[in-house]
There are 2 protein chains.
Amino acid sequence: MANQFGDRIRQLREKENLLLRQVAPQLEMDTPMLSKIERGERFAKREQVTQLSKIFNVPEDDLLSLWLADKVYDVVKDEDVAFKALSATEEELKINPNRKKPPR
Amino acid sequence: MANQFGDRIRQLREKENLLLRQVAPQLEMDTPMLSKIERGERFAKREQVTQLSKIFNVPEDDLLSLWLADKVYDVVKDEDVAFKALSATEEELKINPNRKKPPR
DNA sequence: TTATATTTGTCAATACTTGACAAGTCAGTA
DNA sequence: TACTGACTTGTCAAGTATTGACAAATATAA
C-alpha cells in the first residue's frame with residue numbers, strides 16, 4: 001500500500017531521534033494513533049499535517065503533497081483507468097483554478 | 001465546481017431523449033437523486049457508473065475515468081499543491097501497479 | 001390555469017472515520 | 001529467564017459524513 005506521507009514522517013522522526021510517545025502528544029493523539037498514521041493504516045487530518053511540518057521544521061507543502069498524494073492514490077488505486085483519470089483531473093484544474101480552502 | 005461525469009451523462013440522456021424519471025428507476029434511485037448526480041451535487045456509486053454505461057451504450061472506462069476524475073478533483077481542489085500531489089500519485093502508481101478491485 | 005420536468009431543501013438512516021484503551025509483540029539486556 | 005521500553009494490534013464507542021426518500025418549489029410549455 002502506498003504511504004508516502006507516513007514513511008516520510010517516520011523518517012523525520014527517526015532522524016530527530018524522537019519517540020512516538022514524544023511526538024504524539026504534540027498532535028493531541030496517543031501513541032498507537034501516530035503509529036498507525038506512520039504505517040499508513042490511518043490518514044492524518046489536514047491540520048495535523050500542518051502541525052507535523054512545524055514539529056519537524058520542514059515546509060508544509062512538502063508534507064502536504066505527500067499526504068494529498070496518498071489520499072488521491074486511495075481513490076484511484078483499484079481502477080485501471082487511474083492514469084486517465086489523473087489526466088482528466090489535471091485538465092479540470094487548468095480550467096478551474098483552485099480556490100483556496102478558507103483558513104480557520 | 002468540476003462535474004465532468006454529470007455533464008456527460010446529462011448529455012447522453014438528452015441525446016437519447018430520455019427523462020430523469022425514465023432513467024432513474026433503472027438505477028434504483030428517484031428522480032431528484034439523479035438530478036443531483038447530473039448537476040454534481042452528489043456522487044454516483046461505483047456500480048451506478050457501470051449501469052449507466054450499459055444504459056447509454058458507451059464504454060464503461062469512459063464514464064469511469066470522468067467519475068474518478070471528479071472524485072480526485074474533490075480531494076485536491078482546495079490545495080495549491082494539487083498538481084504536485086497528482087504527480088506524486090502517478091509516481092506511486094508506476095511503482096505500485098494497481099491491483100484490480102475484487103469484483104463482487 | 002394545468003400538466004410535466006426538473007430542482008431544492010430537509011431529515012433520518014446508514015456507513016465511515018476517529019479516538020481511546022487494553023493487550024499484544026519484539027528487541028535488548030541483566 | 002524475566003524485565004523494560006518502544007512500538008503494534010485489536011476492539012469498540014463516539015463523532016462525522018453520506019445516502020436515500022420525501023415534500024415542496026421552480027420552470028417551461030400548451
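Reminder, nothing fancy here: chain letters follow the sequence lines and each chain counts from 1.
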With sequence neighbours left out, the residues meeting salt bridge (charged side-chain N to carboxylate O under 4.0 Å, His left out) with B:E16 are none

Nearest-Å distance for atom pair [atom1]/[atom2], residues [X] and [N]:
X	N	atom1	atom2	value
B:M29	C:dT6	CE	P	15 Å
B:E38	C:dA5	CD	C1'	12 Å
A:I37	C:dG19	CD1	C1'	10 Å
B:D30	C:dT7	CG	C1'	12 Å
A:E41	D:dT8	CD	C1'	9 Å
A:L34	C:dC21	CG	P	16 Å
A:R46	C:dT18	CZ	P	15 Å

All heavy atoms of B:N3 vs all of B:E38, minimum pair found to be ND2-O, 2.8 Å

Residues in residues 9-23 of chain A with a heavy atom under 4.0 Å of DNA chain C, by number, are none

The reported gap from CZ in A:F56 to CD in A:Q26 (rounded to nearest 0.5 angstrom) is 8.0 Å

The reported gap from CG in B:L27 to CG in B:L52 (rounded to nearest 0.5 angstrom) is 4.5 Å

N-O pairing of B:R46 and B:E60 below 4.0 Å:
yes

Cationic N near anionic O, under 4.0 Å, A:D62 to B:K84
yes

Using residues 17-25 of chain A as the side-chain source, report each donor-acceptor pair under 3.5 Å to any protein atom, sequence neighbours left out, with the distance given to one decimal.
{"residue": "A:Q22", "atom": "OE1", "partner": "A:L19", "partner atom": "N", "Å": "2.7"}

B:K94 meets the side chain to side chain contact (heavy atoms under 4.5 Å, CB included) criterion, sequence neighbours left out, with A:F83, B:E91

Under 3.5 Å between N/O atoms: give me all the protein pairs with nucleotides 12-19 of chain D, atom names plus distance.
none

Would you say A:V75 and B:T89 make side-chain contact, with heavy atoms under 4.5 Å? no

Q) With side chains defined as the heavy atoms from C-beta onward, is the minimum distance between B:Q48 and B:Q51 less than 4.5 Å? A) yes

>> Quick check: is A:M33 connected to A:I55 through a chain of hydrophobic side chains (ILVMFWY, heavy atoms under 4.5 Å apart)?
In response: yes

If only side-chain N and O atoms of A:S35 are considered, is one of them under 4.0 Å from the OP1 or OP2 phosphate oxygen of D:dT8? yes

Dump every N/O contact between nucleotides 23-30 of chain D and the protein below 3.5 Å, one line per pair.
none

